[in-house]
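Below: the structure, in C-alpha cells.
What you see is a predicted model, and the numbers here were worked out from it, not measured in a lab. Hydrogens, waters and symmetry mates are skipped; everything else that's a heavy atom, side chains included, is used. Just so you know, ligand 1 is whichever comes first in the structure, and atom 1 is the first atom listed for that ligand.
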Amino acid sequence: MRRIAILGATGSIGASTLDLVARHPDRFRATVLAAHRSVDALAELCARFRPDVAVIADASCEAALRDRIAANGAGCRVLAGPDALLEAASGPHCDTVVAAIVGAAGLESTLAAARAGKRLLLANKEAIVMAGALLKAALDDGGGELLPLDSEHNAIFQCLPATRTSLAGVGVRRLLLTASGGPFRGRTRADLGTITPAQACAHPNWSMGRKISVDSATLMNKGLEVIEAHHLFDAAPDRIEVVVHPQSIVHSMVEYADGSVLAQLGNPDMRTAIAYALAWPERIDAGVTPLDLLRTARLDFEPPDLDTFRCLALAYAALRAGGTATTVLNAANEEAVAAFLDERLPFLAIAETIERCLDTVDSVPASDLDAILDADSAARREARRIIAAL
Ligand code: NAD
Ligand code: MG
C-alpha cells in the first residue's frame with residue numbers, strides 16, 4: 001500500500017491524483033492532504049479521503065480548518081504554516097509525495113521530500129527550474145527516486161530504456177518535446193495586444209490551473225519544460241527540441257542514434273501520466289478514454305514561432321546562461337503572470353518584463369538554497385518595479 005502525501009491537493013493535479021486514489025483503494029491511500037488556503041475544499045477532501053494529516057500552508061486559516069474538520073468528522077490531525085508542509089513532506093506519514101503546489105511556493109517541500117528519500121512524483125516544475133542541481137543533490141542524499149508527472153517528461157521517461165544511466169550511454173540523439181501551441185497558435189504579435197485572462201486560460205486541449213494555462217498561452221510552459229528536461233535527463237540544451245503538435249496526442253518523443261523515434265501517445269488527460277508514476281513499474285487503469293486514432297485522423301507538427309512567443313527563446317537563453325538565471329526567469333514569470341491575471345499587465349508585457357529582469361539581475365552560481373532564494377527575491381523586486389512603471 002502506497003501512503004501518499006498530496007501537496008496541492010485542492011488543485012488540478014491534486015484532483016486527478018485523488019481520482020486515481022479513489023479508483024485503487026487496494027493500492028493507494030492519501031495519508032496527507034495539503035493546500036494553501038482553500039479551507040472548504042480541503043475539509044471536504046478530508047471527509048472523503050480520511051487522511052491522517054491535513055496541512056493548510058496559510059497559518060491564518062488554521063482555526064477555520066479545525067472547525068470544519070471537527071464539524072465534518074474527518075478526524076485528522078491539522079497542521080498549519082509553511083514549516084508544517086516540510087514536516088508533512090518528509091515525515092513518517094507517507095512514502096510517496098506528489099509535489100503539485102504551483103510555483104516557487106513548492107520548492108522547499110519538494111526539496112524536503114527528496115532529502116527524506118521519498119518517492120517524489122514531480123508536477124511542480126518551477127521547483128526544478130529554480131533549483132535543478134540542488135534538487136538532484138537532495139535526491140542523491142535521500143536515496144529516493146523522482147518520477148515526472150509533467151506529461152512530456154513522463155512520456156520521455158516511458159520512451160527511455162528502464163536501465164538508462166545517461167542519454168549518451170543509451171544512444172539517444174535528441175529529446176523532442178511536443179507543445180500544443182496554446183490558445184494563440186498561429187496568431188501574430190499584432191493579434192495579442194488585447195488578450196484577456198479568460199482568453200489566455202481557455203486552453204484548447206488541457207484543463208489546468210490558471211498559472212500554467214497562462215504559461216501555455218505564452219509558451220513559457222514549454223520553456224520551463226525544456227529546463228526541466230535538461231535536469232531530469234541530463235540533456236544538453238541543443239539536444240532538446242520543441243515541436244508544436246496541436247492535437248496533444250503525442251506527448252513527446254525520443255530520437256535514437258539508429259534513426260528510431262519512440263513516442264508516447266494518448267488522449268490529453270493527466271491521469272495517464274499520474275497513474276504511470278503512482279504504480280511504476282506496473283500499469284493500472286486510469287479511467288482515461290482509450291485513444292481512437294481513426295477519430296483523431298491527423299497528427300500535425302510544426303516549428304514554434306519564437307518571434308511571437310518570446311518566452312520560449314528566453315527560457316533557452318536562461319538555461320544556456322546557467323547559474324541562477326533560470327531562477328530569475330521563473331520568478332519574473334511568476335510575478336508577470338500574477339499581474340496579467342490581475343489585469344495589471346498586458347499579455348505581451350509578460351515576456352518584456354522577464355527579458356528586462358534577465359538583463360538587470362545578475363546570475364550567480366546556484367550553489368545553495370540561500371543563493372537561489374536571494375536570486376528569486378531580487379528578480380521579484382525588479383519585476384514588480386518594472387510592472388509598476390509600465
Ligand atoms: P492549481 O492552481 O490547480 O493548484 C495549485 C495547488 O497548489 C492548490 O492546491 C493550492 O492550494 C496549492 N498552493 C498554491 N500556493 C501554495 C502555497 N503557497 N503553499 C501551499 N500550497 C499552495 O495548479 P495545477 O494546475 O494543479 O498545477 C500544479 C503544478 O503542476 C504546477 O507547477 C504546474 O506547472 C504543474 N503541472 C500541472 C499540470 C496540469 O495539468 N494542471 C500539468 C503539468 C504540470
Ligand atoms: Mg507539460
Side-chain angles (χ1 to χ4, degrees), residues 5-19 30 32-45 54-61 65 79-86 88-89 97-110 112 121-130 147-157 177-182 201 203 205-216 218-229 232 242 245 248 250-252 264 267-274 277 330 333-334 337-338 341:
I6 306 175
L7 313 182
T10 54
S12 158
I13 293 287
S16 294
T17 306
L18 285 167
D19 179 84
V32 177
L33 296 180
H36 188 203
R37 49 181 161 220
S38 27
V39 168
D40 290 344
L42 183 59
E44 247 172 64
L45 291 178
V55 183
I56 194 88
D58 182 337
S60 72
C61 300
L65 182 63
L79 300 177
D83 287 347
L85 267 185
L86 306 192
V97 172
V98 175
I101 291 174
V102 59
L107 174 63
E108 291 184 58
S109 50
T110 300
L121 274 50
L122 183 73
N124 179 214
K125 63 189 85 184
E126 294 90 349
I128 195 165
V129 168
M130 291 175 76
L147 301 175
L149 292 192
D150 215 347
S151 57
E152 296 75 4
H153 307 77
N154 190 276
I156 289 169
F157 184 68
L177 283 185
T178 51
S180 69
C201 289
H203 196 280
N205 304 336
W206 297 95
S207 147
M208 311 179 284
R210 280 163 73 77
K211 192 265 177 179
I212 184 175
S213 296
V214 176
D215 285 346
S216 299
T218 62
L219 285 205
M220 180 54 95
N221 184 49
K222 213 46 56 179
L224 300 177
E225 290 181 355
V226 167
I227 300 167
E228 181 182 9
L232 287 177
V242 172
H245 164 49
S248 297
V250 177
H251 297 137
S252 278
Q264 187 261 350
N267 280 319
D269 185 322
M270 285 306 294
R271 290 177 301 175
T272 297
I274 300 171
N330 179 67
N333 182 56
E334 286 190 26
V337 170
L341 284 171

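- Side-chain atoms of Leu33 and Leu18, non-hydrogen and from C-beta on, do get closer than 4.5 Å to each other.
- The distance from ligand 1 to the heavy atoms of Ala35 drops below 4.0 Å at these ligand atoms: 11 (O), 21 (N).
- A donor-acceptor pair is defined here as one N or O able to donate and one able to accept, closer than 3.5 Å; such a pair exists between the side chain of Asp269 and the backbone of Arg271.
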Take Arg210 and Leu341 through the side chain to side chain contact (heavy atoms under 4.5 Å, CB included) test and state the conclusion after the steps. CA-CA 8 Å; Arg210 280 163 73 77; Leu341 284 171; 3.6 Å; yes
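- Residue Ala34 places no N or O, backbone or side chain, under 3.5 Å from any N or O of ligand 1.
- When non-hydrogen atoms are compared, ligand 1 lies under 4.0 Å from the backbone of Ala123 as well as from its side chain.
- Distance alone, capped at 3.5 Å, places no donor-acceptor pair between the Asn221 side chain and the Ser213 backbone.
- Residue Arg37 has no nitrogen or oxygen atom sitting less than 3.5 Å from a nitrogen or oxygen atom of ligand 1, judged on distance alone.
- At the shortest separation from atom 34 (O) of ligand 1 among protein heavy atoms lies Lys125 CE, 3.3 Å.
- Ranking the protein heavy atoms by distance from atom 2 (O) of ligand 1 puts Gly209 CA, 3.9 Å first.
- Taking only nitrogen or oxygen atoms, main chain and side chain alike, Ser12 reaches within less than 3.5 Å of ligand 1.
- When the N, O or S atoms of Glu225 are ranked by distance to the Mg ion (ligand 2), OE2 comes first.
- The protein non-hydrogen atom at the shortest distance from atom 12 (C) of ligand 1 is Gly8 CA, 4.0 Å.
- Side-chain contact between Leu121 and Leu147 is present, with at least one heavy-atom pair separated by less than 4.5 Å.
- Contact annotation for Ala105 and ligand 1: only side-chain heavy atoms (C-beta onward) come within less than 4.0 Å of the ligand.
- The Mg ion (ligand 2) lies closest to atom OE1 when only the N/O/S atoms of Glu152 are considered.
- Within the listing of ligand 1, atoms 8 (C), 9 (O), 10 (C), 11 (O) sit less than 4.0 angstrom from a heavy atom of Thr10.
- Here the side chain of Lys222 pairs a donor or acceptor atom with the backbone of Thr178 at under 3.5 angstrom.
- Polar contact with ligand 1: present for Ile13 (N/O pair, distance under 3.5 Å).
- Counting heavy atoms from C-beta outward, Gln264 and Thr272 have side chains that approach closer than 4.5 Å.
- Of the listed options Leu33, Ile101, Val129, Ile101 places a heavy atom closest to atom 7 (O) of ligand 1.
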With side chain to side chain contact (heavy atoms under 4.5 Å, CB included) as the test, would you mind laying out the steps for His251 and Asn154 before giving the verdict? CA-CA 8 Å; His251 297 137; Asn154 190 276; over 6 Å; no
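- Under the 3.5 Å distance criterion, the side-chain polar atoms of His153 are matched with a main-chain donor or acceptor of Glu225.
- Residue contacts with ligand 1, taken as heavy atom pairs separated by less than 4.0 Å, involve Met270 solely via side-chain atoms from C-beta onward.
- A donor atom on one side chain and an acceptor atom on the other are not found under 3.5 Å apart for Ser180 and His245.
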Decide side chain to side chain contact (heavy atoms under 4.5 Å, CB included) for Met270 and Met208; before the verdict, give the C-alpha distance in whole Å, the side-chain angles of both, and the deciding distance to 0.1 Å. CA-CA 9 Å; Met270 285 306 294; Met208 311 179 284; over 6 Å; no
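- Regarding atom 20 (C) of ligand 1, its nearest protein heavy-atom neighbour is Ala57 CB, 3.4 Å.
- Although no hydrogens or angles enter the test, the distance criterion places no donor-acceptor pair under 3.5 Å between the side chain of Asp58 and the main chain of His36.
- Nearest protein heavy-atom contact of atom 43 (C) of ligand 1 is Asp150 OD1, 3.1 Å.
- For atom 22 (C) of ligand 1, the closest non-hydrogen atom of the protein is His36 CB, 3.3 Å.
- For ligand 1, the atoms sitting less than 4.0 Å from at least one non-hydrogen atom of Gly11 are 1 (P), 3 (O), 4 (O), 8 (C), 9 (O), 26 (O), numbered in the order shown with element in parentheses.
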Take Leu7 and Ile101, measure what side chain to side chain contact (heavy atoms under 4.5 Å, CB included) needs, and give me the verdict at the end. CA-CA 6 Å; Leu7 313 182; Ile101 291 174; 4.0 Å; yes
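- In this structure, atom 33 (C) of ligand 1 lies nearest to the protein heavy atom Ile212 CD1, 3.9 Å.
- Nearest to atom 5 (C) of ligand 1 among the protein's heavy atoms is Val102 CG1, 3.7 Å.
- Restricting Asp150 to its N, O or S atoms, the one at the least distance from the Mg ion (ligand 2) is OD1.
- Using a 4.0 Å cut-off to heavy atoms of Glu126, the atoms of ligand 1 that qualify are 31 (C), 32 (O), 34 (O).
- Residue contact annotation: Ala9 has a non-hydrogen atom under 4.0 Å from ligand 1.
- The closest donor-acceptor contact from the side chain of Thr218 to the backbone of Asp215 lies under 3.5 Å.
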